[in-house]
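Input: a single structure, listed below in structure tokens.
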Amino acid sequence: MTGTEGLEGRIVALTGAGRGLGLQIARTLLERGARVVANHRSPSADLEQLREKFPDLVLVQGDIAEEEAVIELVSAARRLGRLDAVIHNAGIARDQLLVRMPVEDWDEVHRVNLRSAFLLSKHAVKAMLRQRYGRIVYISSGAAILGNAGQAAYAASKAGLHGLSATVAQEYRSYGIRTVVLAPGLLDTGLGEKLDEKIIEEKAGRSMLGIGSGEQIAGTAAFLASADADYINAVIIRADGGLVY
């Protein structure tokens, strides 16, 4: 199943779409027939090129951890008629051992990764309440489940998405609003590209299927945003290839 049937014509808002996994998710959604409103913080030539191929792609630049940018993103989707799904992919890391981590780094990671999720959920849910339907997909990380040395801020902020997702699903279940967390393992794109080769080799060796493909995770995210996944709700889906015990 490609998820094409469940995505055709759906309006999906996506954060962190400028590069890496977010860019791949945007491309996959568009290829499968969704109408995409994509947030990006920095200028992105790749997104501009994608819009040349898919003229209906709506680009909204801004810092998604600030409420004004969130309101603009949700409003842009609503101007298309409705907001069927949101994929919250935006995130940063400031890796450092806990005792050496500056408070400023901790705060910035939580601002971008978790505050943004709260703001996006708040305004997306408001739009979804009116239509009595909606889906929010939170992109997390295997680090949020297992922990990872040097990533206390990142893991804690991503783990916060798990509690947020479960609570949103509980609060708005009677309005047809569904949530899901997608927690990838080590990928060949995004933050995974920046790791030292020895660390990549070590972590890839712990996965039964090795390093994950950003393209595969983009396909999974697109499926979770589709109508085909409507009965998947309030769960964490691990996409790490299975870990060697």
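Side-chain atoms are counted along with the backbone in the values below, which use heavy atoms only and exclude waters and symmetry mates.
In Glu215, the CD atom is not crowded: 12 or fewer heavy atoms of neighbouring residues, nucleotides or ligands sit closer than 6.0 Å. For Tyr175, the OH atom sits in a loose shell: 12 or fewer heavy atoms of surrounding residues, nucleotides or ligands are nearer than 6.0 Å.
Side chains of Tyr154 and Asn148: a donor-acceptor N/O pair is absent below 3.5 angstrom, by distance only. Between the side chains of Thr179 and Tyr172, no donor-acceptor pair is found at a separation under 3.5 Å.
Proximity of Arg135 to Ile232: side-chain heavy atoms (C-beta onward) are separated by under 4.5 Å at one or more points. Residues Leu243 and Leu146 have side chains in contact (heavy-atom distance under 4.5 Å, counting atoms from C-beta outward). The shortest side-chain heavy-atom distance between Lys53 and Leu30 does not fall under the 4.5 Å cut-off. Using a 4.5 Å heavy-atom threshold, the side chains of Glu171 and Val125 count as separate. You'll find the side chain of Leu119 stays beyond 4.5 Å of the side chain of Ile64, heavy atoms only. You'll find the side chain of Ile87 stays beyond 4.5 Å of the side chain of Leu182, heavy atoms only.
Residue Glu48 holds its CD atom at 7.5 Å from CD of Glu52, rounded to the nearest 0.5 Å. For the atom pair Asp105 CG and Gln96 CD, the distance stands at 8.0 Å (nearest 0.5 Å). In this structure, the separation between CZ on Arg35 and CG on Asp84 is 10.5 Å, given to the nearest 0.5 Å. Atom CG of Asp46 and atom CD of Gln24 lie 10.5 Å apart (nearest 0.5 Å). Annotation: the span from Lys158 atom NZ to Ile145 atom CD1 amounts to 12.0 Å, rounded to 0.5 Å.
In this structure Arg132 satisfies the salt bridge (charged side-chain N to carboxylate O under 4.0 Å, His left out) test with no other residue, sequence neighbours excluded. Contacts of His110 classified as ring-ring contact (aromatic ring centres under 6.0 Å, His included), with partners at least two apart in sequence or in another chain: Trp106.
The pair Asp63-Arg111 meets the salt-bridge criterion, since a charged nitrogen lies less than 4.0 angstrom from a carboxylate oxygen. The pair Lys122-Glu67 counts as a salt bridge, with a side-chain nitrogen and a carboxylate oxygen less than 4.0 angstrom apart. Salt bridge status for Arg115 with Glu108: absent, with no side-chain N to carboxylate O gap under 4.0 Å.
Following chains of ILVMFWY side-chain contacts shorter than 4.5 Å, one can reach Val74 starting from Met128, so the two form part of one hydrophobic cluster. Residue Leu80 is not grouped with residue Val36 when hydrophobic side chains (ILVMFWY) are merged at heavy-atom distances under 4.5 angstrom, including chains of intermediate members. The hydrophobic cluster containing Ile139 also contains Leu23, counting ILVMFWY residues as joined when their side-chain heavy atoms lie under 4.5 angstrom apart, directly or transitively.
Looking at Asn39, its side chain does come within 3.5 Å of a backbone N or O of Gly62 through a donor-acceptor pair.
Thr15 and Ala90 get closest at one heavy-atom pair: OG1-N, 3.0 Å.
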